[in-house]
There are 2 protein chains.
Amino acid sequence: MICFSVYAAGLAFNRLYQSLLNGFDLTYPQFLVLVALQQGGAMNVGALGEALFLESNTLTPLLKRMEASGLVSRQRDKMDERVVQIALTKPGAKLANTIGCVPPQVLNATHMSLREVVALTANLNSLADNLRQHTNGLRDANIS
Amino acid sequence: MICFSVYAAGLAFNRLYQSLLNGFDLTYPQFLVLVALQQGGAMNVGALGEALFLESNTLTPLLKRMEASGLVSRQRDKMDERVVQIALTKPGAKLANTIGCVPPQVLNATHMSLREVVALTANLNSLADNLRQHTNGLRDANIS
DNA sequence: TGCGATTAAATCGTGCACGATGTAATATGT
DNA sequence: ACATATTACATCGTGCACGATTTAATCGCA
């Protein structure tokens, strides 16, 4: 049951990250947003969703919470009022740097070599790509 | 970022399963419960939690929903009134057989050979084991 | 026997994740 | 130009997932 192994590994990562992040008042998905913005720079909600494989119905409330805690700013785009630009605030950027220490701790917890982790990551990425293609195929078939 | 790859693969599996299961009025975690009970037979909430890496705060409401839809029974143990035994009902057992067709479809969607899937599953299981040990170590350190 | 400690579920509050839908702004075609 | 379609984001309802706490039953042990 590959699906269950992925599910259980996801639960395990989530719990470990919550433990490591609870001093920063950050959830694991919020941590991912912070990292995505640090690596990709400011971007709109849609682009953030493409990076994290999430949609606005998940991101909008999450980003509002992060805005409320002062980590990101949300600004309507002047050129296209439909678009909302998300950017790290100064405290957000600072926190993004501070939590750089967390992923190495997680890597250590895996008890795996860097080589093994890289290989496993690549396999998971291609697996997820295939699953997404299949899911999208099903969706498109239902529409037409 | 191994954690993100696991996270994204989990999202992808969840979406694919929701698509495949939505004709059965089942969520993905409910599907996992059904399979666990089919494979392990009737068991109490704690044992189910060990099998699925979940606790009563997640399982109790989920099992109540499955009881409401007639798939499982919940019975206080006569010998120890604290424990609640969970068993498949006849419709639940029937549905568990019916959805046996779903995992092969998922395997097909992975576009991976059985050998690759088995190897990836083993790697994920040992990874999750290591993460759980580390998380439990952190928890115990905080208690003492 | 009886009382404090432990255990198994349940409850509560918060935050994702997602399908379905709504709203407002922009793009497109005639 | 203007109605229609499309797009970007937001809203709503449901169901996990989890930390913290509660309740009730059982255990341990003097």
Side-chain angles (χ1 to χ4, degrees), chain A residues 7-19 21-23 25-33 43-50 52-69 74-86 132 135 138-139 142-143, chain B residues 7-19 21-23 25-33 43-50 52-69 74-86 132 135 138-139 142-143:
Chain A
Y7 171 79
L11 294 182
F13 265 119
N14 187 42
R15 276 170 222 173
L16 176 56
Y17 264 98
Q18 296 289 5
S19 292
L21 291 174
N22 74 357
D25 275 317
L26 264 188
T27 67
Y28 179 45
Q30 288 172 16
F31 164 84
L32 293 176
V33 166
M43 63 183 94
N44 61 37
V45 175
L48 202 49
E50 281 182 29
L52 300 179
F53 303 105
L54 295 172
E55 315 224 340
S56 69
N57 51 7
T58 298
L59 283 174
T60 297
L62 190 158
L63 292 170
K64 283 187 175 180
R65 281 187 286 272
M66 293 183 74
E67 183 186 35
S69 53
R74 296 167 63 247
Q75 286 276 333
R76 289 268 163 201
D77 189 323
K78 291 286 196 309
M79 296 297 100
D80 184 343
E81 289 279 343
R82 291 172 303 182
V83 174
V84 172
Q85 292 291 340
I86 309 296
R132 278 187 290 268
T135 304
L138 290 177
R139 181 173 44 67
N142 285 340
I143 287 173
Chain B
Y7 171 78
L11 293 182
F13 265 120
N14 187 41
R15 277 171 221 172
L16 176 55
Y17 265 97
Q18 297 289 5
S19 293
L21 292 173
N22 75 357
D25 275 317
L26 263 188
T27 68
Y28 179 45
Q30 289 172 14
F31 165 84
L32 294 176
V33 166
M43 63 185 96
N44 60 38
V45 174
L48 201 49
E50 282 182 29
L52 300 179
F53 304 105
L54 295 172
E55 315 226 340
S56 68
N57 51 5
T58 298
L59 284 174
T60 296
L62 190 158
L63 292 170
K64 284 186 174 178
R65 281 187 286 272
M66 293 182 74
E67 183 186 34
S69 54
R74 295 165 64 245
Q75 285 277 334
R76 289 268 164 201
D77 190 324
K78 289 287 194 308
M79 295 296 102
D80 184 342
E81 290 279 344
R82 291 172 303 182
V83 324
V84 171
Q85 293 290 341
I86 310 295
R132 277 188 291 266
T135 304
L138 289 177
R139 181 171 45 66
N142 285 340
I143 286 173

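A sub-4.0 Å separation between OP1 or OP2 of C:dC16 and a side-chain N or O of A:Gln30 is present. In this model, the phosphate group of C:dT11 is not approached by any side-chain N or O of B:Asn57 to a distance below 4.0 Å at OP1 or OP2. Between B:Lys64 and D:dC16 there is no side-chain N or O to OP1 or OP2 distance below 4.0 Å. Between B:Arg76 and D:dA24 there is no side-chain N or O to OP1 or OP2 distance below 4.0 Å. Checking the phosphate oxygens (OP1, OP2) of D:dA17, no side-chain nitrogen or oxygen of B:Thr58 falls inside 4.0 Å. For D:dA17, one of the phosphate oxygens OP1 or OP2 lies less than 4.0 angstrom from a side-chain nitrogen or oxygen of A:Tyr7. Side-chain N/O atoms of B:Arg15 include none lying less than 4.0 angstrom from OP1 or OP2 on C:dA17.
Taken from CG in B:Leu21 to CD in B:Gln30, the straight-line distance is 9.5 Å, to the nearest 0.5 Å.
Among D:dC18, C:dC18, D:dC16, the nucleotide with an atom closest to any side-chain atom of B:Arg65 is D:dC16. Of the candidate nucleotides D:dA17, C:dA17, D:dG15, D:dA17 has the atom nearest to the side chain of B:Leu54.
Not counting sequence neighbours, the partners of A:Asp80 by the side chain to side chain donor-acceptor pair (under 3.5 Å) test are A:Arg82. For A:Arg132, the side chain to side chain donor-acceptor pair (under 3.5 Å) partners at least two apart in sequence or on another chain are A:Asp129.
Taking the nucleotide of DNA chain D with the nearest heavy atom to each of A:Ala12 and A:Val84, the more 5' of the two is matched to A:Val84. Residue B:Asn44 is the one, among B:Asn44 and A:Thr27, whose nearest nucleotide of DNA chain C lies closer to the 5' end (criterion: closest heavy atom).
Residue A:Leu11 is classed as a sugar-phosphate contact, given heavy-atom separations below 4.0 Å to backbone atoms only.
Distance CG (A:Leu26) to P (C:dT14): 18 Å, rounded to an integer number of Å.
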Using nucleotides 25-28 of chain D, report all nitrogen or oxygen pairs with the protein that are shorter than 3.5 Å.
from   : atom 1 : to      : atom 2 : distance (Å)
D:dT26 : OP1    : B:Glu81 : N      : 3.0

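Taking 3.5 Å as the limit, the base of C:dA10 and the side chain of B:Ser56 contain a donor-acceptor pair of atoms between them. Applying the 3.5 Å distance criterion, the base of D:dG19 shares no donor-acceptor pair with the side chain of A:Asn22.
The aromatic rings of A:Tyr17 and A:Phe13 are tilted relative to each other, their planes meeting at an angle between 30° and 60°.
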